[in-house]
Amino acid sequence: MDRRTVLLTLGAFAVAGILNTTVHAQSINAGDRPASKTRPFTATAVAEFDTPWAIAMLPDSRMLITEKPGRIFLVSPQGRKIEIGHVPAVSTSSSGQNGLLDIAIAPDFATSSRVYFSYVEGDKRGSRLVLARATLSISEHRAALTDVAIIWQQTPGGGGGQPGGIIAFDPQGKHLFLSVGDRMEPESAQNTDQARGKILRLNLDGSVPSDNPFVGQGDVQAATWTTGHRNPYGLAFAPDGRLWSHEMGPRGGDEFNLIEQGRNYGWPLVSNGRHYSGRPIPDHSTRPEFAPPAVYWTPVISPAGLAFYEGKMFPQWRGSALIGGLSGLALVRIAFGPDGRPDQVDRWDMDARIRDVAVAPDGAVWIIEDDNPGRLLRLTPKN
Ligand SMILES: [Ca+2]
């Protein structure tokens, strides 16, 4: 081997090493890191609910809180609850995971009083995830939905749990993103004609934007932004405008994903977990054409709820993502490095299944427990 060949070979190894490091650095396992019993916050319980599922923060610091069996409450920061009338009937059949799911206020809520919510509805052909829009009418002692309209529904219907159902709006307030789980039919996540295992992008009236990546290729495909998801219970835009999602893996392999237009996230062809039976699934690293998770959790935490922190009470958390853990009984904080790369920096033991996270205008963090009764807790800094 002459000197030039040696240098070229060394160079090739160096490049391969860098590429290799980059590939491996793409997925960080945070599942093997223990939770901390020491919390930098005080958790104050202000109300209780029957299996609360989602919190939507209003501009005046009141909250809308859904209960999975099918009720929505308007809740003051002091815990005063008003049940909201005219909520549609929901289906809780076939799985403990179905029912009334997410709720979000419209980008123009201050003038329109519009809200969006997702739920599973049932009929003889099975159950389907739907997205509804309504106007919220609030008087001093009463609150009700009016003009309720289903603006999107899952096709085909049927299937089990794992509904997804998380709603997010882009920072411009022009488009709505909706996560749809695989309904426990894994192969459907790779079927482009089934609205399962997808993240959809819709106009605010539920119609399909003309600049979606697969527009003109059938109804489901036209609405599809990304595919190959399992059960995403978190979807939110970061302060820098990037869209992030998390999803539950099977046995291992919960994922925190950067959501980029048109990409395939691999389920069920690849996963960093394995099937519940123990049967292996090829790792993400074996199929580079699928977007790998930035962070994953093995063992799982069962992530639920995602909020980016931009408040004043916890200045050290600014820009961080806060995530609840169901089986993890935890609140997780993910921070982003100067290169924009995320990593889990905190995992606090909460002694309860945490279902959703929200940030109030004053910077307090609000969480709900997945239980009956499940508490609504306000987190403020410890002195
Ligand atoms: Ca994946």
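We use all heavy atoms of the structure for the numbers below, so side chains are in, but hydrogens, waters and symmetry mates are not. Everything quoted here is computed from the prediction, not taken from an experiment. Atoms within a ligand are numbered from 1 in the order they appear, just like the ligands themselves.
Around the Ca ion (ligand 1), the protein atoms of type N, O or S that sit closer than 3.0 Å are Glu255 OE1, Glu255 OE2, Tyr265 O, His284 NE2.
At distances below 3.5 Å, not a single donor-acceptor pair connects side-chain atoms of Asp346 with backbone N or O atoms of Ile334.
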Under 3.5 Å, sequence neighbours excluded: what are the donor-acceptor pairs made by side chains of residues 53-61?
unit_1: Asp60; atom_1: OD1; unit_2: Arg62; atom_2: N; d: 2.9
unit_1: Asp60; atom_1: OD2; unit_2: Arg62; atom_2: NE; d: 3.0
unit_1: Asp60; atom_1: OD2; unit_2: Arg62; atom_2: NH2; d: 3.1

Quiz: residues 100-109 side-chain donor-acceptor pairs under 3.5 angstrom, not counting sequence neighbours:
unit_1: Asp102; atom_1: OD2; unit_2: Ile167; atom_2: N; d: 2.8
unit_1: Asp108; atom_1: OD1; unit_2: Ser112; atom_2: OG; d: 2.8

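The environment of NE2 in His275 is crowded: more than 12 heavy-atom neighbours from other residues, nucleotides or ligands sit within 6.0 Å. Environment of NZ in Lys37: sparse, with no more than 12 heavy atoms of neighbouring residues, nucleotides or ligands closer than 6.0 Å.
In this structure, the side-chain hydrogen bond (donor to acceptor under 3.5 Å, both in side chains) partners of Asn257, at least two apart in sequence or on a different chain, are Glu255.
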